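Below: one structure, written as structure tokens.
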Amino acid sequence: MGTLETMKDIFNNPNKIIEEWKKDGKKVVGHRCMYVPEEIIHAAGMLPYPTFGTPEPIKKADSYFQPCACEFVRNLFDLALDKKFGFLDSMVLCNTCDAVRHLYNMWDTYVDSVPCYMVNNPQKMYDESGFKFYRMELEKFKKLMEDLSGNKITDESLKKSIELYDETRRLLKELNDLRKRDIPAISGSEFLRTSMASMLMPKENANPLLRKLIDEVKNREIKNADGPRILLTGSIIDNPTLIELVEDMGGVVVVDDLCTSAKYFWYTTKPNNDPMDAIVRFNLERTLCACAHPSEDRYDYLQGLIREFNIDGIIYFNIKYCHPFVYESAIFRKKLEEEVPTLTLEVDHSLSGLGQLKTRVQAFIEML
Amino acid sequence: MATKVTAPGKKSLQTTLEIGKAIRAYYGGIKEAQKAGKPVIWSYGLVPREIFHAADAPVIYLEHLPLMIGAKQLSGHYIQIAEEEGFSRDVCAFHRCFLGCAVAKERDPYLEKFFAPPNLIIASNLPCMSESKSFLYAADHHDCPYYFLDAPINTWGKDIPEYAIEYFAGQLKGAIDSMEEHGFKVDMDKLKESINLTKKMMGLWNEIDNCRKTVPTPMSTVDGITAAYPLIQLPGTELGVTLFERLLEELKERVEKKQGVIEDEKLRLMWFGVPPFYNMGLFNYVEKYGAVVVKSMVEYIAGGAFDPSVMDPEKPLESLAYKALVDIVNPTYTNMVDFIVKAVEDFKIDGLIGVVKRSCGLLPGYMRLAKDAVYNGSGVPMTIFDLDGLDIREYDDVTSKANLDSFVESLLANKRRQ
Ligand code: SF4
Ligand code: SF4
Ligand code: SF4
């Protein structure tokens, strides 16, 4: 089996990762989203596990959340109620959108089997007083992880974890760079599966696989690469179906500004003798999450992607009621459109209504 | 011709009429101030306005324009304008309405009386995503500076740690610096004085609440929502204190005379969610059953459930930071849920009405939590139904009234059985 296939297999069967990890009695800590430092969890000897949803329709969660909460979050809560996250030893959320804040409220109240913790992060970037606040929060979080794992987190262990996670980021970025070419080496849907599999796996396993994969695909050219080059952005996409839809309509998805893709690996940690400070600055000296400020920073980053990846069109896939991206797309669209045509689409996380989406994507790609 | 189904709420107190006048006078004055060369700030209800009073700054609050024009049934028009600008229906109706007002090429004469373009925008993420993001569009449109006041969510309940107070107090200082940079002079002595006045106001508000707990209640939420206006707009001012003193006097008199809002009070209700601002008469609708909506949660936003004794005029920014961070609407849920449970007990509530404004990212998420906590605490039931209190286009009078009918009838039947 080629490494792309291995990645696909891991993406399709994440339970295997958990089984393997738990064999020696080690713990798993679920989280959502980017202000929960995975390195701290890892340095305590536990597996940080980014929680993703499934395209299944919501069952139990709808009697807790109103239908006007983002469907991704309702889906996560549904899985939690259904004990599908029963393998987690703890769940950690952070201060991002209203929906995630409510996920904490619900989880803390109604899911007894897995305790839930909230990391309180600032939403203002580049602010020294915010660094101080976040540092205090992270010190508490570090202690919590030490208590949960029974392992002390030393500066040395934390530095090692940072280096390991940065290596994953560097490798994913290197792989992603192969999409800059006129004919990309890897398709959008292949990349998303790889990126998500790497996020789920212990990085000790992900890194050698990524190295191997880069080696395998560096001289590859994908088929059907003559369509317009698309930048995908918007709410979380945790399933390649939407990307495949764009690809089926003739678009070439060359970069994805998603929490399951570029946002995860775009930056690496700056050298710093104090590893906690390094983590604080890693998270707060950039605006990648649409909840954060200043949003100009995110706009500049998107512009960078447009240039670097030679983009012909942008598609915002906004999950219904995802307020961060509903606002962002309305605010950015006018400006973005001066550079490249931009399409904003409202999608269901459960991927219903794909037929209608297809028509709109097709019309957009034909227009490009 | 379509029959008009909405109606303003019937207020029964003299002071709330005066408060209504004070609101209009305040907004009327903003335009004049700008004409006279004063810069105008746009901000939100949860940004501590003591800092604005200390600079004598004219401020338009995002919540107020939609409410005022909502009461005149004009909100739909401006919401439509925002939607044409690309804001989907998922965006909070308050924000769509305000953005519609902000970008409209023409404004109707009523709005025109109050509308003044911003010279500075001070926004915050307290309590929701909309508050932090929607003004960015307005700032861009009016090409005006924007300060973002970052509020941590409250993961601590009443015991806010020093480092969180310090962070938010620092954010407030940043807002003050930004005001000074844009033509305002913030008088720190006045700020200290306004903390004293806020303490006084909050104390009075708590006494007002105590009066409202009496059976029959001397004041319903129709008056209460207007009465809560000074909490948002006038903390830290003499006018706010005077208005609350008068209101308290009026209520005490009523309590003494055992004068209720309606003659034979059979049921006491509480409203959770955004009230129907274009149809406040809906609150009076239940009176035919002998039911009174005694309280609504929105009356508590901006410090209404707050113990003022913790405020220290010598530490004005820290005091304001504490007050803002413990506000019941600041997520996470503990303060909100505790507060609802306590209010239901204190106000001897028989039933809780929860309305879901679908475009709100915050309040609908509390519905189930409040329902369970209240039911488990005191056995009081809650009904939950859709009602967008601002976007009149979404309003369905027949269904809303049918929902109220069946809830109130079931409460009465329960009472009869007891
Ligand atoms: S944009 Fe990403 S990091 Fe931000 S809240 Fe959404 S999923 Fe989380
Ligand atoms: S950022 Fe959007 S998609 Fe992600 S959890 Fe929040 S509302 Fe849902
Ligand atoms: S709390 Fe709800 S109604 Fe209020 S501004 Fe936020 S989204 Fe709008």
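Bear in mind that the values here come from a model prediction, so they are computed numbers and not experimental data. In what follows, chains carry the letters A, B, and so on, assigned in the order in which the sequence lines appear, proteins first and then strands, with residues in each chain numbered from 1.
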* To do: Would you give the length of the straight line joining atom CZ of B:F135 to atom CD1 of A:I331, rounded to the nearest 0.5 angstrom?
  => 11.5 Å
* **Among the listed options A:P67, A:C291, A:C97, A:S295, the residue most often paired with chain B at heavy-atom distances under 4.5 Å** => A:C291
* Please flag which part of B:S359 lies under 4.5 Å from any non-hydrogen atom of chain A: side chain, backbone, both or neither. => backbone
* Could you check which of A:N120, A:D108, A:T109 has the highest count of heavy-atom pairs closer than 4.5 Å to chain B? => A:N120
* Asked: Is A:Q356 atom CD crowded by more than 12 heavy atoms from other residues, nucleotides or ligands, each under 6.0 Å away?
  -> no
* To do: Take atom CG of A:D147 as the centre, draw a 6.0 Å sphere, and report whether it contains more than 12 heavy atoms from other residues, nucleotides or ligands.
  => yes
* To do: Check whether more than 12 heavy atoms from other residues, nucleotides or ligands sit under 6.0 Å from atom CG of B:D159, and answer yes or no.
  => no
* Asked: By a 4.5 Å heavy-atom criterion (distance strictly below it), what part of B:M367 contacts chain A: side chain, backbone, both, or neither?
  -> side chain
* Asked: Are the side chain of B:D150 and the backbone of A:P122 linked by a donor-acceptor contact shorter than 3.5 Å?
  -> no
* For A:E328, is it the side chain, the backbone, both, or neither that has a heavy atom closer than 4.5 Å to a heavy atom of chain B? -> neither
* Asked: With a 4.5 Å limit on heavy-atom distance, are the side chains of A:C68 and B:K357 in contact?
  -> no
* **Distance in Å, A:Q66 CD paired with B:L363 CG, rounded so as to fall on 0.5 Å steps** => 11.0 Å
* Measure distances from A:F65 to the heavy atoms of chain B and classify the residue's part below 4.5 Å as side chain, backbone, both or neither. => neither
* Asked: Of the backbone (N, CA, C, O) and the side chain (C-beta and beyond), which part of B:P152 lies under 4.5 Å from a heavy atom of chain A, both, or neither?
  -> both
* **Residue among B:G86, B:C128, B:A151 with most heavy-atom pairs under 4.5 Å to chain A** => B:C128
* Heavy-atom side-chain contact between B:M336 and A:N105 under 4.5 Å -> no
* **chain A contact via B:P127 - which portion, at a heavy-atom distance below 4.5 Å** => backbone
* Could you check A:K334 against B:Y137 for side-chain hydrogen bond (donor to acceptor under 3.5 Å, both in side chains), going step by step and ending with a plain yes or no? => CA-CA 11 Å; A:K334 269 193 182 161; B:Y137 194 78; 3.2 Å; yes
* Could you tell me whether the side chain of A:D98 and the main chain of B:M129 form a donor-acceptor pair under 3.5 Å? => yes
* Structure fact -> Separation between NZ (A:K124) and OG (B:S132), nearest 0.5 Å, reads 11.5 Å
* Please confirm whether the backbone N or O of A:A290 pairs with a side-chain atom of B:K133, one donor and one acceptor, at under 3.5 Å? => yes
* Asked: Atom CG in B:L136, atom CZ in A:F332: separation rounded to 0.5 Å?
  -> 8.0 Å
* **Distance (rounded to the nearest 0.5 Å) between A:E346 CD and B:D90 CG** => 4.5 Å
* Sub-4.5 Å side-chain heavy-atom contact between B:R368 and A:S63 -> yes
* To do: Check the pair B:S130, A:Y327 against side-chain hydrogen bond (donor to acceptor under 3.5 Å, both in side chains), reporting the backbone distance first and the verdict last.
  => CA-CA 8 Å; B:S130 293; A:Y327 278 111; 2.9 Å; yes
* To do: Check each atom of A:D127 against the heavy atoms of chain B and say whether the ones under 4.5 Å are side chain, backbone, both or neither.
  => side chain
* Measure centre to centre between the rings of A:H102 and B:Y366, then say whether the value is under 6.0 Å. => yes
* More than 12 heavy atoms of other groups within 6.0 Å of A:K335 NZ -> yes
* To do: State, yes or no, whether a side-chain contact exists between A:M118 and B:I153 at a heavy-atom distance under 4.5 Å.
  => yes
* To do: Evaluate side chain to side chain contact (heavy atoms under 4.5 Å, CB included) for B:Q171 paired with A:S129, printing each intermediate quantity in order.
  => CA-CA 9 Å; B:Q171 292 293 301; A:S129 63; 4.1 Å; yes
* Plane angle bin for B:W156 and A:F133 - parallel if under 30°, tilted between 30 and 60°, otherwise perpendicular -> perpendicular
* To do: Take atom NZ of A:K140 as the centre, draw a 6.0 Å sphere, and report whether it contains more than 12 heavy atoms from other residues, nucleotides or ligands.
  => yes
* Asked: If we only count heavy atoms from C-beta on, is the B:Y163 to A:R135 side-chain gap below 4.5 Å?
  -> no
* **Largest heavy-atom contact set with chain B, pairs under 4.5 Å, which of A:E137, A:R101, A:H293, A:Q123** => A:H293
* **Separation of A:Y64 OH from B:D372 CG (nearest 0.5 Å)** => 7.5 Å
* **B:C92 versus chain A, the contacting section by heavy-atom distance below 4.5 Å** => both
